[in-house]
Amino acid sequence: MNPSTSSNTEYLDVKAIYGKLDKLISQPIRPVRRDKMQAYLDYFETHCTKSKEMIHTAMNFIPGGVQHNLAFNYPFPLVFTKAEGAYLVDLDGNTYIDFIRAGGPAVLGSNNPVVQEKVIEVIKECGPSTGLFHEYELKIAELICRHIPSVEQFRMLGSGTEAVMASIRVARLATGKKKIIKLGGAYHGWSDQMVYGMRIPGTGRFDAHGIPRSCSKHSQEVFPNDIKALERKLRWNRLRGGTAAVILEPVGTESGTRPVDFEYNTKVRELCTKYGALLIFDEVVTAFRIGLSGAQGYYNVMPDLTVFGKVVAGGYPSAGGLGGKKEYMSYLAAGLQGAKKRAMVGGTMAANPLSSAAGYYTLLEIEKTDACTTAGRSGDRLTQGLQRLIEKYNLPFVAYNQGSICHLETSATMFVRVNMKRPWTLPGALKEIKARKHMMEEMGAAYMAEGIVTVAGSRMYTSSAHTDEIIDEALARFENVFQHM
Ligand SMILES: Cc1ncc(COP(=O)(O)O)c(C=O)c1O
């Protein structure tokens, strides 16, 4: 696959980025000036009163008053009523440039009218679901198999989390082995086995509250981009029952927050083949965003299984799926056929007509309008603009992107070093994380008060709806914040 079909114009200088991030984490935090931060907090009190009131009520009925982990919640979450193109409007009527993109799926921009019309047609015809087969399930499966090089068959599921669970089950059946290796810091959904080494590498079961130790028994993590560490783990496992799969996001953990060298994926592929483990690409974020052929098309690496989510239902509910070679996908045969042992998967709402049609028309629209490339160019423009601002104001911040996935690290919370093997260092590390996390929240609030919605104050997804003018307007607003650090 030719990388030029992807939105990425040139590959990251991974070494330089880590150098800058190391420098950022070694310095004290550089938050927004206190008087300016107070003015930003005042914005919420004066301009977002209706949101404040509703969230206050929600606190009584919804734990924490908010339901999404990426929801911006400092000083309090806002309530959004309208999403269109590149914009969001809150309950008080304030308009924002939207870089959260529904958590990733809105590559075409929010509420794309072509997709919306088709979805309404389906709902009018048969309602959102029947529990039985619908033509759109076939249409989307065919389209995904056409675009994603390694996918011969596709099964639609309810979410990325479910699809990761299914991929692990298939890998264990196919290999007869148990261990699953992930890259430290990666998020692969919230299933028992994957709440392991989340956010910060080396943290193991740190977040595994309510999950028995036995559930993480076969979960392992290695440091991202360290190919030697991966081989050591695979070799170690060989003497202890073997590795069923290595699972990773090809762009690096957390949508490329920790990017990997261009050759890393190829080397992981070679190691998986050498040690008889399946290679699972988690393309929940990257499929149909990095390019129509996914990140695997861009890196030209064929995984055995690919996990889908987000764009696969075009921002509509029930976004998940697993694809791969027939020999592995046959473990997921539903219904009554199939002689071999089956991996149990299911879901009342999996592959419903609404999600399948939404995904199908979203992919067609992305193809027709070359949306990944346009969104990628917007990501380049945004990142280059941020880099100029960082230089102009002599800030230690780091901006980098892979096409339409942009990172702006100002406090580098996820780069705090945690060493669980030295428990006496943990209180210090936790204190550092707390301070850096608070700065990240403040940055998110400052951007929001300037009319920009980000993912947790440090990540932005662009879409084909982000024109040059919109990006330049966003940069002017970022500059308002950067002037007051
Ligand atoms: C890389 C990755 N894998 C898996 C998931 C889980 O997907 P879902 O939220 O659909 O369960 C996410 C969600 O953000 C993700 O970013």
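Start at 1 and go down the list; that is how both ligands and their atoms are numbered.
For atom 6 (C) of ligand 1, the nearest non-hydrogen atom from the set I247, T286, T161, V312 belongs to T161.
Partners of Y87 under the side-chain contact (heavy atoms from CB on, under 4.5 Å) rule, at least two apart in sequence or in another chain, are T95, I97, I470.
Using 4.0 Å as the threshold, E162 has no heavy atom nearer than that to any atom of ligand 1.
Between the side chains of S216 and R205, at least one donor-acceptor pair of N or O atoms lies under 3.5 Å. Donor-acceptor pairing under 3.5 Å is lacking for the side chains of T383 and D380.
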Would you check, one step at a time, whether the test side chain to side chain donor-acceptor pair (under 3.5 Å) holds for S356 with E137? CA-CA 6 Å; S356 307; E137 293 174 49; 5.2 Å; no
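Near S159, the atoms of ligand 1 lying under 4.0 angstrom from a non-hydrogen atom of the residue are 10 (O), 11 (O). Interface atoms of ligand 1 facing V285, defined by a heavy-atom separation under 4.0 Å, are 16 (O). Atoms of ligand 1 found under 4.0 Å from any heavy atom of D282, numbered from 1 in the order shown, are 1 (C), 2 (C), 3 (N), 4 (C). Ligand-side atoms of ligand 1 in range of G189: 4 (C), 5 (C), 6 (C), range being under 4.0 angstrom from any heavy atom.
Not a single N or O atom of H188, backbone or side chain, sits closer than 3.5 Å to an N or O atom of ligand 1. The distance criterion of under 3.5 Å between nitrogen or oxygen atoms is not met by W190 with respect to ligand 1. Between G160 and ligand 1, at least one N/O pair is under 3.5 Å apart. Ligand 1 has no N or O atom lying under 3.5 Å from any N or O atom of E249, backbone or side chain.
Ion pairing between K434 and E432 fails under the 4.0 Å rule for side-chain N and carboxylate O. The pair R146-E142 fails the salt-bridge criterion, with no side-chain N (NZ, NE, NH1 or NH2) lying under 4.0 Å from an Asp/Glu carboxylate O.
Using a 4.5 Å heavy-atom cutoff, the side chains of Y316 and S355 are not in contact.
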